[in-house]
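Encoded as structure tokens, the structure appears first; notes follow it.
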Amino acid sequence: MDWLTAYNGLLVRMGLYLLIFWPTVGYYVYRDSVKRGLSSPQLRGVTYGFLGVPGLLVYLYRKSRAETQSA
């Protein structure tokens, strides 16, 4: 099981990160995209979810920017 500890457990940490944040962020983005009537909410959810927390920050930034431009 040397591959588990390779690079100080990088594979394990990345796997846990994706396992926890991909579904959480992806579902939030998907649900918000459906509510706002945006195109391809499933693709948005998967894409931003894969990026995890940085994806969530980018999505929230773009969302707030779109709201200020429409007001």
Side-chain angles (χ1 to χ4, degrees):
M1 293 282 191
D2 290 330
W3 61 274
L4 286 176
T5 58
Y7 303 109
N8 293 325
L10 179 66
L11 293 175
V12 173
R13 285 186 280 149
M14 287 302 297
L16 288 173
Y17 177 80
L18 287 175
L19 185 69
I20 293 170
F21 290 113
W22 189 339
T24 306
V25 172
Y27 181 71
Y28 171 77
V29 171
Y30 168 76
R31 189 180 53 167
D32 189 59
S33 297
V34 168
K35 186 172 79 173
R36 293 175 52 209
L38 300 175
S39 63
S40 29
Q42 292 174 336
L43 181 62
R44 288 175 191 267
V46 169
T47 304
Y48 285 112
F50 180 75
L51 296 173
V53 174
L56 178 63
L57 295 175
V58 169
Y59 180 77
L60 292 175
Y61 172 75
R62 292 186 71 195
K63 178 182 169 184
S64 67
R65 194 169 142 201
E67 289 174 354
T68 57
Q69 288 178 354
S70 67

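Sequence positions, counted from 1, serve as the residue numbers for this chain.
Cluster membership for Leu60 and Leu38, using ILVMFWY side-chain heavy atoms within less than 4.5 angstrom, is shared.
Residues Tyr59 and Val25 form no side-chain contact, since every pair of their non-hydrogen atoms from C-beta on lies 4.5 Å or further apart. For the pair Arg13 and Leu10, the minimum side-chain heavy-atom distance is below 4.5 Å.
For Tyr27, the OH atom sits in a loose shell: 12 or fewer heavy atoms of surrounding residues, nucleotides or ligands are nearer than 6.0 Å.
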Just list the side-chain donor-acceptor pairs under 3.5 Å for residues 39-58, sequence neighbours left out, or say none.
residue : atom : partner : partner atom : Å
Arg44   : NE   : Ser39   : O            : 2.8
Thr47   : OG1  : Leu43   : O            : 2.8
Tyr48   : OH   : Arg62   : NH1          : 2.9

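Not a single ring-ring contact (aromatic ring centres under 6.0 Å, His included) links Tyr30 to another residue, sequence neighbours left out.
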